[in-house]
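Accompanying notes for the structure given below.
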Amino acid sequence: MKQRRMCRTEILLTGLLIGAILLCILEIADRCGRTPCRSAKVETAGHSLQAPELPPRIALTFDDGPHPVNTEKLLDGLRERGVHATFFLIGQSCETYPEVVEAICRDGHVIGNHTYSHLRLTEWNAESYVEELQKTNEIIASITGDDPCYMRPPCGYMNRKVESAMDLIPVLWTVDPLDWDTKNADNIVNRVLRDARDGQIILMHDVYASSVEAALRIVDALTERGYEFVTVDEILHME
């Protein structure tokens, strides 16, 4: 009798162990079957809910500033709209208008390096080019207290020699409305709205009044379309 009771006990314990193992296997399989994604269905109490998608994001960037009038007007408009942008500044202009650089920094915008004199890189002037970047970084840091992390090469020209010499991340663009070539704000707005897509970087210049007017209209129009305006660091880190 004692031996039979032990067998029954062993059988019961074995069954419980097998059941526990099966439950663990089912839980692991369920976890492995879940795939995270930008928009996912959530099962709750027999109902299927669609998680909201993240809004499309886009970055406004401005080259060649700061400008004592147009940049200030742009900052006022961006502040009213709660929008942050990225400014690639020229060292000479930073020296002349440090108060505008301070305002850009104070409003929470990202500041990048655009060389000291808007120097266009060639195969012969790499050393001078690096010196201009270094000088501009020092000027911006003396005003804001922070060294820029990003740079935009004038005209988009860049090479590995310069990249290896500077601890700066080059940032180009994906939407160019050629605002420097026209004073027609309508044309600038139309070009950007036509080409705007999620994750893109818009190139503009805050030294032109028409560009500032167009930029604020672009913000309003794309905000209505559901876009979120972010700085370049957020675009570069998008998955």
Side-chain angles (χ1 to χ4, degrees), residues 36-40 51-67 70-90 94 100-114 137 140-141 143-153 156 158 167-180 185 188-208 211-239:
C37 59
R38 196 174 188 188
S39 176
E53 288 191 359
L54 295 173
R57 295 185 290 177
I58 200 163
L60 267 177
T61 66
F62 299 94
D63 290 6
D64 296 357
H67 188 277
N70 296 328
T71 303
E72 290 279 14
K73 182 178 180 180
L74 175 62
L75 291 175
D76 290 341
L78 294 177
R79 193 181 309 114
E80 291 172 1
R81 292 162 174 79
V83 166
H84 290 113
T86 305
F87 291 79
F88 293 97
L89 305 181
I90 293 177
C94 292
V100 184
V101 180
E102 290 176 350
I104 294 172
C105 179
R106 187 169 56 249
D107 282 359
H109 303 289
V110 169
I111 294 177
N113 191 324
H114 200 45
N137 254 29
I140 293 173
I143 298 171
T144 67
D146 294 314
D147 290 311
C149 298
Y150 304 97
M151 64 86 66
R152 172 167 286 163
M158 196 66 182
D167 188 21
L168 289 169
I169 301 172
V171 178
L172 298 180
W173 55 87
T174 53
V175 178
D176 182 3
L178 302 175
D179 61 320
W180 54 270
I188 300 170
V189 172
N190 292 335
R191 289 170 183 171
V192 172
L193 297 185
R194 178 195 64 199
D195 298 332
R197 301 289 186 277
D198 184 23
Q200 292 189 325
I201 298 174
I202 303 169
L203 167 64
M204 300 189 74
H205 300 79
D206 53 317
V207 293
Y208 306 114
S211 296
V212 171
E213 176 191 342
L216 297 178
R217 289 170 55 186
I218 288 166
V219 169
D220 293 338
L222 290 182
T223 298
E224 288 186 2
R225 293 185 184 182
Y227 278 83
E228 176 187 359
F229 284 87
V230 298
T231 50
V232 293
D233 50 330
E234 295 174 84
I235 292 291
L236 295 178
H237 289 88
M238 283 179 65
E239 296 182 353

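Predicted model only: the values in this text are computed from it and were never measured.
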N/O donor-acceptor pair under 3.5 Å between [X] side chain and [Y] backbone:
X    : Y    : answer
R225 : L193 : yes
H205 : G65  : no
D198 : R57  : yes
T231 : V110 : no
R217 : E213 : no

* To do: Assign the ring pair F88 / H114 to parallel, tilted or perpendicular, where the plane angle (0 to 90°) is split at 30° and 60°.
  =>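 Rings of F88 and H114: tilted, as their planes differ by 30° to 60°.
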With rounding to the nearest 0.5 angstrom, report the [atom1] to [atom2] distance, [X] to [Y].
X    : Y    : atom1 : atom2 : result
L60  : W173 : CG    : CH2   : 15.0 Å
I235 : I58  : CD1   : CD1   : 7.5 Å
I218 : R191 : CD1   : CZ    : 11.0 Å
H84  : E234 : NE2   : CD    : 9.5 Å
D64  : R152 : CG    : CZ    : 10.0 Å
C94  : I143 : SG    : CD1   : 5.5 Å

Please report the closest heavy-atom contact between [X] and [Y], naming both atoms and the distance.
X    : Y    : result
A214 : A185 : CB-O, 3.8 Å
V171 : P153 : O-CD, 4.3 Å
P56  : G226 : CD-O, 3.5 Å
L89  : P66  : CD2-N, 3.8 Å
Q200 : R197 : OE1-N, 2.9 Å

* side chain to side chain contact (heavy atoms under 4.5 Å, CB included) between H67 and V100, intermediate numbers included -> CA-CA 8 Å; H67 188 277; V100 184; over 6 Å; no
* Donor + acceptor pair across side chains of D146, T144 (<3.5 Å) ->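 Result is no, nothing qualifies.
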* To do: Please lay out, stage by stage, how I201 and L172 fare under the test side chain to side chain contact (heavy atoms under 4.5 Å, CB included).
  => CA-CA 8 Å; I201 298 174; L172 298 180; over 6 Å; no
* Partner of Y150 under side chain to side chain contact (heavy atoms under 4.5 Å, CB included), chosen from I111, L236, T61 ->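 So the option named by the test is L236.
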* **Partner of M151 by side chain to side chain contact (heavy atoms under 4.5 Å, CB included), out of N137, N113, I169** =>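 Between M151 and the candidates, side chain to side chain contact (heavy atoms under 4.5 Å, CB included) is satisfied uniquely by N113.
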Would you indicate whether the side-chain heavy atoms of [Y] and [X] approach each other to under 4.5 Å?
X    : Y    : answer
L78  : H109 : yes
V207 : W180 : no
I188 : M204 : yes
E80  : L216 : no
F62  : L74  : yes

* Does the distance from a Lys or Arg side-chain N to an Asp or Glu carboxylate O, for D76 and R79, drop under 4.0 Å? ->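 Counted as a salt bridge, because a side-chain N and a carboxylate O are separated by less than 4.0 Å.
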* To do: Give the intermediate values and the outcome of side chain to side chain contact (heavy atoms under 4.5 Å, CB included) for residues D206 and N70.
  => CA-CA 6 Å; D206 53 317; N70 296 328; 5.6 Å; no
